[in-house]
Every structure is written in structure tokens, then in C-alpha cells.
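First comes the structure, then the notes that go with it.
The chain is numbered in sequence order, starting from 1.
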Amino acid sequence: MSIRNLVARLRAAYPSVDAVTVEATVRTAYDCFHQARVRAYVPILVERRSRRVLRAVCRTAPGQAIDGRAAPETCRAHPGPAKD
């Protein structure tokens, strides 16, 4: 799965979030896993993390987002199990 395909799917799933925010969210999520030893699961983990952040963006009241963008989730050394 390419970043471009994932961004396109997420833009369709979250039309109220601007394209720049969706792409930045996906790229930030990929960056969190750049040192992952097992690469097979990275795409699904990136998608889950991105969806979680974008859901939070959608729940944010219009006046609370800064410049229409959400702060991407910070990376953790060990992301732990996904809660989706």
C-alpha cells in the first residue's frame, strides 16, 4: 500500500478534514515506524494511527483547531497495541 493510496482513502473517509492535514497525519504516522524491525505490519498500524488522529480532528469544535490542522500524535518508542 502506498502513501498516496492511503491518503486518498482517508480523504474520502474524512471529507471535512483538509488534504494537507490528512497527508501530514499519514506521513507523521509512517515516521513513527521508520525503525520498525518487522515491516509487514507497518501499513496497517499507520492506517489505524492515522484514523485515530483524524477522528479526533473531526470531533474538535471548529474554533479549537489551530490553522485548521490537528497536531499529529507524537511518536512513542513502543506504540503498544492499537485500540481500534
Side-chain angles (χ1 to χ4, degrees):
M1 169 181 16
S2 73
I3 291 176
R4 189 176 312 158
N5 291 339
L6 178 56
V7 169
R9 282 201 333 265
L10 292 175
R11 285 185 63 198
Y14 300 95
S16 63
V17 180
D18 67 286
V20 173
T21 300
V22 173
E23 186 167 349
T25 300
V26 171
R27 291 193 182 278
T28 299
Y30 264 108
D31 288 346
C32 290
F33 295 102
H34 78 276
Q35 291 183 344
R37 289 184 179 176
V38 180
R39 305 295 302 169
Y41 300 107
V42 169
I44 190 69
L45 295 172
V46 167
E47 184 167 354
R48 286 180 179 180
R49 183 171 288 204
S50 297
R51 285 185 183 275
R52 187 170 53 237
V53 171
L54 294 172
R55 275 194 305 269
V57 170
C58 288
R59 285 192 298 259
T60 302
Q64 293 178 348
I66 299 172
D67 296 334
R69 297 182 184 183
E73 182 175 278
T74 58
C75 297
R76 293 177 285 174
H78 301 285
K83 296 179 182 176
D84 288 342

For residues T21 and D18, is any side-chain donor paired with an opposing acceptor at under 3.5 Å?
-> yes
Rounded to the nearest 0.5 Å, what's the gap from CD on E23 to OG on S50? Could you check?
-> 11.0 Å
For R39, all residues meeting side-chain contact (heavy atoms from CB on, under 4.5 Å), sequence neighbours excluded | A36, V42
Please tell me if the side chains of L6 and P43 come closer than 4.5 Å, counting only heavy atoms from C-beta onward.
-> no
Between F33 and L45, is any pair of side-chain heavy atoms under 4.5 Å apart?
-> yes
The side-chain hydrogen bond (donor to acceptor under 3.5 Å, both in side chains) partners of R11 (sequence neighbours excluded) come to none
The reported gap from CG in L54 to CG in L10 (rounded to nearest 0.5 angstrom) is 6.0 Å
One should read off an interatomic distance between Y30 OH and E47 CD, to the nearest 0.5 angstrom, of 9.0 Å
